[in-house]
Amino acid sequence: MSAHIINGKEIVASIREVIKQEVQELVIQGKQPGLAVVLVGDDSASAVYVRNKAKACEEVGIYSEVHRLPTDTSETELLSLIGSLNNDDRIHGILVQLPLPAHINESMVIDMISISKDVDCFHPINVGNLLIGKPALLPCTPAGVMEILHTLNEPIAGKHAVVVGRSNIVGKPMALLLLREDATVTICHSKTKNLQEITRQADILIAAVGRAKMITKDHVKPGAIVIDVGMNRDEHGKLCGDVDFADVAQSAGYLSSVPGCVGPMTITMLLRNTLEAARHAQASV
Ligand code: GUN
């Protein structure tokens, strides 16, 4: 048996087309959505992600500005930039690319972002709203994974979903979104004992650990849906996920590719959140 490989390109293109049309409608009303991306330091992976985000904005007609700050930027300078973006009417979404240099307190920076412009859904108030199921902007990567799952037309309610990884950006919010759709959710992490025993029970397996090719065929129940959130370099420097693609493709029911599926879908959710934030700003004027 070999897995159906999920075609991220088609899903992303169709959602971005809808976003583009909706952005145009706002532009006609003189309310172009705007995103500010803040990058501190010269991490090369972050620089690529930020470039891709700005390019995606341009493609759908969202105004974007990228603030590239040197590594030695002080916390005060960064907080002051966020303060001015909070008060800028052209900007509806603010994204501070993580990780930040070690001398900057990440949570202080996130706390400073206006709740209504927090298109990452990183602010504690927005995380709390997500936890209690209050409607708000959804975190981009987990929301993108849910969109991918919806395209498969396979039921989620009552299924056993196993999330490997417990980061604030992916693992924890991923578990909440699956729970919202009535999956039975297990979260595994680096201290989990007998990982394979647990992952082999998964109908839906989400790999979000950040370790190249660590999920093998032995971790996967035949026929399971496997979504790979990882973005790593293998021993040859080639981009790869947390899933050993060739191995798992032999027995999974569905498998997402890396690169080309969760990554572009995450950016698509960022575009959608920026559009939504602009709509809310318009409604509250
Ligand atoms: N670094 C890695 N992923 C993300 C993300 O989704 N948002 C931000 N702001 N930084 C990241």
Side-chain angles (χ1 to χ4, degrees), residues 8 12 34-57 62 64-69 71 73 78-79 81-82 85-86 91-102 104-127 130 136-148 163 165-177 206-212 227-233 239 241-242 258-259 261-274 276-277:
V12 162
L35 174 71
V37 180
V38 181
L39 173 63
V40 187
D42 51 12
D43 180 79
S44 60
S46 290
V48 173
Y49 297 147
V50 165
R51 218 177 303 133
N52 288 341
K53 287 167 186 175
K55 193 164 152 249
C57 282
I62 291 177
S64 76
E65 53 187 43
V66 179
H67 298 260
R68 291 185 175 81
L69 307 178
T71 309
T73 301
L78 181 56
L79 292 175
L81 170 62
I82 293 171
L85 294 170
N86 282 343
I91 299 301
H92 307 98
I94 301 170
L95 180 145
V96 179
Q97 187 67 29
L98 303 181
L100 289 167
I104 298 178
N105 181 334
E106 213 160 84
S107 87
M108 212 144 112
V109 172
I110 291 170
D111 289 359
M112 179 77 190
I113 298 172
S114 157
I115 293 162
S116 57
K117 297 190 178 187
D118 173 32
V119 281
D120 264 325
C121 191
F122 287 172
H123 193 287
I125 298 262
N126 288 329
V127 176
L130 178 67
L137 300 177
L138 298 178
C140 300
T141 301
V145 172
M146 294 312 294
E147 286 288 341
I148 293 166
V163 180
R166 56 170 155 181
S167 68
N168 288 339
I169 296 183
V170 185
K172 285 187 231 172
M174 186 72 251
L176 291 175
L177 292 189
I206 313 289
V209 246
R211 271 184 56 198
I227 307 291
D228 191 351
V229 179
M231 179 62 81
N232 316 292
R233 298 264 169 199
L239 282 178
D242 292 348
V258 175
C261 195
V262 173
M265 188 55 104
T266 295
I267 296 182
T268 306
M269 295 300 104
L270 172 67
L271 301 174
R272 190 156 83 184
N273 279 351
T274 306
E276 279 302 309

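Both counts, for ligands and for their atoms, begin at 1 and track the order of listing.
- V127 has its side chain out of reach of P173: every pair of non-hydrogen atoms, C-beta onward, lies at least 4.5 Å apart.
- Between N126 and L137 there is no side-chain heavy-atom pair separated by less than 4.5 Å.
- Listed by number with element, the atoms of ligand 1 under 4.0 angstrom from any heavy atom of L95 are 9 (N).
- The local environment of CD1 in I125 is sparse, with at most 12 non-hydrogen atoms from other residues, nucleotides or ligands closer than 6.0 Å.
- Within ligand 1, counting atoms from 1 as listed, the ones closer than 4.0 Å to a heavy atom of V96 are 8 (C), 9 (N).
- Counting only heavy atoms of the protein, atom 7 (N) of ligand 1 lies nearest to D120 OD1, 3.1 Å.
- Put simply, part of F122 is less than 4.0 Å from ligand 1, judged by heavy atoms.
- Any N or O atom pair closer than 3.5 Å counts here, and Q97 shares at least one such pair with ligand 1.
- Every N/O-N/O distance between P99 and ligand 1 stays at or above 3.5 Å.
- In terms of polar-atom proximity, K53 is not counted as a contact of ligand 1, lacking any N or O under 3.5 Å from an N or O of the ligand.
- Contacts between T266 and ligand 1, counted as non-hydrogen atom pairs separated by less than 4.0 Å, are absent for every part of the residue.
- Within the 4.5 Å cutoff, the side chain of L85 has heavy atoms near those of the H67 side chain.
- With a 4.5 Å cut-off on side-chain heavy atoms, V145 and M265 do not count as touching.
- Given atom 10 (N) of ligand 1, the protein heavy atom at minimum distance is L98 N, 3.0 Å.
- Here the side chains of D118 and D120 are in contact, with some heavy-atom distance below 4.5 Å.
- I110 approaches H123 most closely through the heavy-atom pair O-CD2, 3.4 Å.
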